[in-house]
Amino acid sequence: MTVSIPEQVNAMTVDVEDYFQVSAFERHIQRSAWDSTPMRVEANVDRILALFEQNGVRATFFTLGWVAERHPAMVRRIVAAGHELASHGWEHIRVTTQQPEAFREDVSRTKSVLEDIGGVAVSGYRAASYSIGAGNLWALDVLADAGYVYSSSIAPIRHDLYGMPEAPRFAFAAAGGRLTEIPVTTLTLAGRNINCGGGGWFRLFPYGFSRWALRRINRTEGESGLFYFHPWEIDPQQPRPEGLPARTRFRHYLNLGRMEQRLQRLLGDFRWDRMDCVFGSVIAANQAAAGDGAAAASWPAAGGREARV
């Protein structure tokens, strides 16, 4: 008798920011110019909402407070469609450039504004450019203090701009067990973690590799994957600032014209849901353990590099 193994459900996520707000453009488009720059994020989010509706997919939208404040109706459409509203910080500032008090104010303000606009509780956070790592693990405590119950802010990879390859590859308890950190999905090949959770890697690698990698995560490792992308990645007609370095142009514009078609395939090839649903049992278990005084189970263990504020 053949026993059918149910397919894992993966988490689909969108980082809601406009093209001119990415970290790679911060030296080329000043924040003071943001309000005078035509925004494309709302139209792109509406296309994504239609795409998800066509495929019966619910997702988590990590949204900048700056964007939400200017597009409240878009935020309400996200919530009305059954998606999870989560925080991406106020204006895409990397945590590596913030001091603890500035970070605390940022994440608290964003949470409050998103909840006021969306009319729902906000429990999740994702740092700009996955900018929480070995040097600023204090940020996880700040997030827990601010009322977040999970974060998706660590990339367990080696990268020239970010990453913490020694971090666990899958969800783990942090901040004394009060917060669950859910890293971007990676696959270990030849002793090195490779990102297979979206973004530029999804546009760089052939779709067949991404499908194979996620199936291996689901079927061989028995874990749920986490996928992320940005609204500007389905917008090949976006303006192109002058003076960008060659590496930045390559990373940002590579295969934008193929992205939406690849997403269509991905949505059909796997099962998807919101972060708080896919990882809800893990988050609840960590919260319960922390409430029972089982904080010693959190990562890093005693003697690790977690710093306190």
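- At distances below 3.5 Å, at least one donor-acceptor pair connects side-chain atoms of R31 with backbone N or O atoms of E91.
- Checked by atom type and distance alone, the side chain of R203 pairs as donor or acceptor with a backbone atom of R251 at under 3.5 Å.
- Remark: the S131 side chain and the T96 side chain contain no N/O donor-acceptor pair separated by less than 3.5 Å.
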Residues E42, R77; criterion salt bridge (Lys or Arg N to Asp or Glu O under 4.0 Å); working and verdict
CA-CA 10 Å; E42 184 168 21; R77 289 196 295 276; 2.7 Å; yes
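- With a 6.0 Å radius and a threshold of 12 heavy atoms from other residues, nucleotides or ligands, R258 has its CZ atom at or below the threshold.
- Looking at L254 and L204, their side chains come closer than 4.5 Å, going by heavy atoms from C-beta outward.
- Atom OG1 of T188 and atom CG of N193 lie 4.0 Å apart (nearest 0.5 Å).
- Taken from CD in E69 to CG in D116, the straight-line distance is 11.0 Å, to the nearest 0.5 Å.
- Here the side chain of T97 pairs a donor or acceptor atom with the backbone of R94 at under 3.5 angstrom.
- Under the 4.5 Å side-chain criterion, counting only non-hydrogen atoms from C-beta, Q238 is not in contact with D18.
- Between W232 and V22 there is a side-chain heavy-atom pair separated by less than 4.5 Å.
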The test is ring pair (Phe, Tyr, Trp, His ring centres under 6.0 Å); show your working for H252 and F25 and say whether it passes.
CA-CA 10 Å; H252 189 88; F25 287 5; 4.6 Å; yes
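- The OH atom of Y228 lies 10.5 Å from the OG1 atom of T185; values are rounded to the nearest 0.5 Å.
- Using bins of under 30°, 30° to 60° and over 60° for the plane-to-plane angle, the ring pair W272/F270 lands in the perpendicular bin.
- Contact annotation: the side chain of L143 approaches that of I132 to within less than 4.5 Å [non-hydrogen atoms, C-beta and beyond].
- Looking only at distances, a side-chain donor or acceptor of T63 sits under 3.5 Å from a matching main-chain atom of F61.
- Checking side-chain atoms of S108 against main-chain N and O of R104 turns up a donor-acceptor pair under 3.5 Å.
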Between S87 and T110, is a side-chain hydrogen bond (donor to acceptor under 3.5 Å, both in side chains) present by the stated rule, with each step listed?
CA-CA 7 Å; S87 168; T110 306; 4.6 Å; no
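- Side-chain contact check for Q54 versus Q264: some heavy-atom pair is nearer than 4.5 Å.
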Does the side-chain contact (heavy atoms from CB on, under 4.5 Å) test come out yes or no for Q237 and R40, once each step is laid out?
CA-CA 10 Å; Q237 283 76 43; R40 302 174 68 86; 3.8 Å; yes
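- A search for ring pair (Phe, Tyr, Trp, His ring centres under 6.0 Å) contacts involving Y207 returns nothing, not counting sequence neighbours.
- Summarising the geometry of F202 relative to R262, their closest heavy-atom pair is O-NH1, 2.8 Å, with the distance given to 0.1 Å.
- Using a distance-only test at 3.5 Å, with no hydrogens or angles considered, a donor-acceptor pair links the side chain of S36 to the main chain of A33.
- Side chain of E115 to backbone of V122: a donor-acceptor contact under 3.5 angstrom is found.
- Summarising the geometry, atom CD belonging to Q99 is positioned 13.5 Å from atom CG belonging to D106; distances are rounded to the nearest 0.5 Å.
- The distance from atom CZ of R58 to atom CD of E53, rounded to the nearest 0.5 Å, is 14.0 Å.
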Begin with the C-alpha distance, continue with both residues' side-chain angles, and end with the deciding distance and a verdict on side-chain contact (heavy atoms from CB on, under 4.5 Å) for L214 and N10.
CA-CA 9 Å; L214 189 52; N10 302 290; 3.8 Å; yes
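- Contact check for R169 versus V184: no side-chain heavy atoms found under the 4.5 Å cut-off.
- Of all heavy-atom pairs spanning G225 and N218, the tightest one is N-ND2, 3.8 Å.
- Between the side chains of T13 and R126, at least one donor-acceptor pair of N or O atoms lies under 3.5 Å.
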Report the C-alpha distance between L266 and M12 in whole Å, list the side-chain angles of each, state the deciding distance to 0.1 Å, and finish with yes or no for side-chain contact (heavy atoms from CB on, under 4.5 Å).
CA-CA 10 Å; L266 188 74; M12 175 59 64; 4.1 Å; yes
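- Nearest heavy atom pair, residue I154 against residue M164, reads CG2-CB, 4.2 Å.
- A donor and an acceptor atom, one from each side chain of N286 and T180, are located under 3.5 Å apart.
- Heavy atoms only, all atoms of each residue included: Q98 and I93 are closest at CG-CG2, 3.7 Å.
- The two atoms that bring A127 and S153 nearest to each other are N-OG, 2.9 Å, heavy atoms only.
- A 4.5 Å side-chain heavy-atom check between L263 and F229 finds at least one atom pair inside the cut-off.
- Listed for the E233 side chain is a donor-acceptor partner under 3.5 Å among the backbone atoms of H230.
- Atom CZ of R47 is surrounded by more than 12 heavy atoms from other residues, nucleotides or ligands within 6.0 Å.
- Contact detail for P241 and I29: the closest heavy-atom pair is CG-CD1, 3.7 Å.
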Test side-chain contact (heavy atoms from CB on, under 4.5 Å) applied to V107 and Y125, step by step
CA-CA 8 Å; V107 298; Y125 170 82; 3.7 Å; yes
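- Residues L51 and V79 share a hydrophobic cluster, clusters being chains of Ile/Leu/Val/Met/Phe/Trp/Tyr side chains in contact below 4.5 Å.
- With values rounded to the nearest 0.5 angstrom, T60 atom OG1 is found 13.0 Å from H88 atom NE2.
- Side-chain contact check for H92 and E17: at least one donor-acceptor pair (N or O, by modelled atom type) lies under 3.5 Å.
- Side-chain atoms of I234 and Q261, non-hydrogen and from C-beta on, never get closer than 4.5 Å to each other.
- Taking hydrophobic clusters as Ile, Leu, Val, Met, Phe, Trp and Tyr residues chained together by side-chain heavy-atom distances below 4.5 Å, V282 does not share a cluster with F172.
- Other residues sharing the hydrophobic cluster of F62, ordered by chain and number and joined by side-chain separations under 4.5 Å: V9, V149, Y150, I182, L226, M275, V278, F279, I283.
- Side chain of K111 to main chain of A146: no donor-acceptor pair is present (N/O by atom type, distance under 3.5 Å, no hydrogens or angles).
- Remark: side-chain polar atoms of R249 are paired, donor with acceptor, to backbone N or O of L244 under 3.5 angstrom.
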